[in-house]
Amino acid sequence: QPPTVKFFHLTDEEFLEAFHQQQQYQKQQQGDRCQDDYPSDCLNFGYERFDAVVVNFAINPKKGEELSRKLLKPNGRLLAPVNNIPDYWFEQNFLLYDCKGRVLS
């Protein structure tokens with residue numbers, strides 16, 4: 001596995017909390033010296049985001065939008081099995097999102 005590839009055995013909420021805590025720590029260590037080069041409609045924590053995120057469990061459409069906006073670099077992609085009907089956990093399609101929360105496929 002390449003050193004830039006990481007796997008996490010966490011729920012989406014656990015991962016978002018850990019990601020936010022790491023960014024808060026980095027911000028404290030570096031002050032407010034971060035580059036803000038993300039489009040304004042991508043939520044920017046100000047620090048490193050991801051080129052790709054793969055979710056390995058079913059999520060609702062709104063969660064796919066939220067995760068992609070919070071975690072992706074401007075050209076990043078998020079792939080996840082998304083419920084065809086919100087909160088109906090028995091039928092999903094794999095969807096690909098961009099950093100703006102838009103479905104690409």
Fill in: Pairing residues for Asn84 by the side-chain contact (heavy atoms from CB on, under 4.5 Å) criterion, not counting sequence neighbours
Glu91, Asn93
Practice prompt. Under the side-chain contact (heavy atoms from CB on, under 4.5 Å) rule, collect the residues that match up with Gln21, sequence neighbours excluded.
Written response: Glu17
Interatomic distance, [X] atom [atom1] to [Y] atom [atom2] [nearest 0.5 angstrom]:
| X | Y | atom1 | atom2 | value |
| --- | --- | --- | --- | --- |
| Lys73 | Asp98 | NZ | CG | 16.0 Å |
| Lys70 | Glu66 | NZ | CD | 4.0 Å |
| Glu13 | Lys63 | CD | NZ | 3.5 Å |

Worksheet item: Quick check, are the ring centers of Phe19 and Phe50 under 6.0 angstrom apart?
Response: yes
Give the table of side-chain donor-acceptor pairs shorter than 3.5 Å for residues 51-61, with sequence neighbours excluded, one pair per line with atom names and distance.
unit_1: Asn60; atom_1: OD1; unit_2: Asn83; atom_2: ND2; d: 2.9
unit_1: Asn60; atom_1: OD1; unit_2: Asp87; atom_2: N; d: 2.7
unit_1: Asn60; atom_1: ND2; unit_2: Asp87; atom_2: OD1; d: 2.8

Worksheet entry | Any side-chain heavy-atom pair of Phe15 and Leu67 under 4.5 Å | no
Discussion item. So which atom in Arg69 and which in Lys100 form the shortest heavy-atom distance, rounded to 0.1 Å?
Written reply: CG-C, 3.6 Å
Linked, directly or transitively: [X] and [Y] (ILVMFWY side chains, under 4.5 Å):
| X | Y | result |
| --- | --- | --- |
| Phe8 | Leu71 | yes |
| Leu10 | Leu72 | yes |
| Leu78 | Val103 | yes |

Worksheet, complete the sentence: Those residues at least two apart in sequence (or on a different chain) that pass ring pair (Phe, Tyr, Trp, His ring centres under 6.0 Å) with Phe7 are none
Worksheet, complete the sentence: Apart from Ile85 itself, members of its ILVMFWY cluster (side-chain separation under 4.5 Å) are Tyr88, Phe90
Item to complete: Write out all pairs satisfying salt bridge (Lys or Arg N to Asp or Glu O under 4.0 Å) with one or both partners inside residues 75-84, taking only residues at least two apart or from two chains.
Response: none
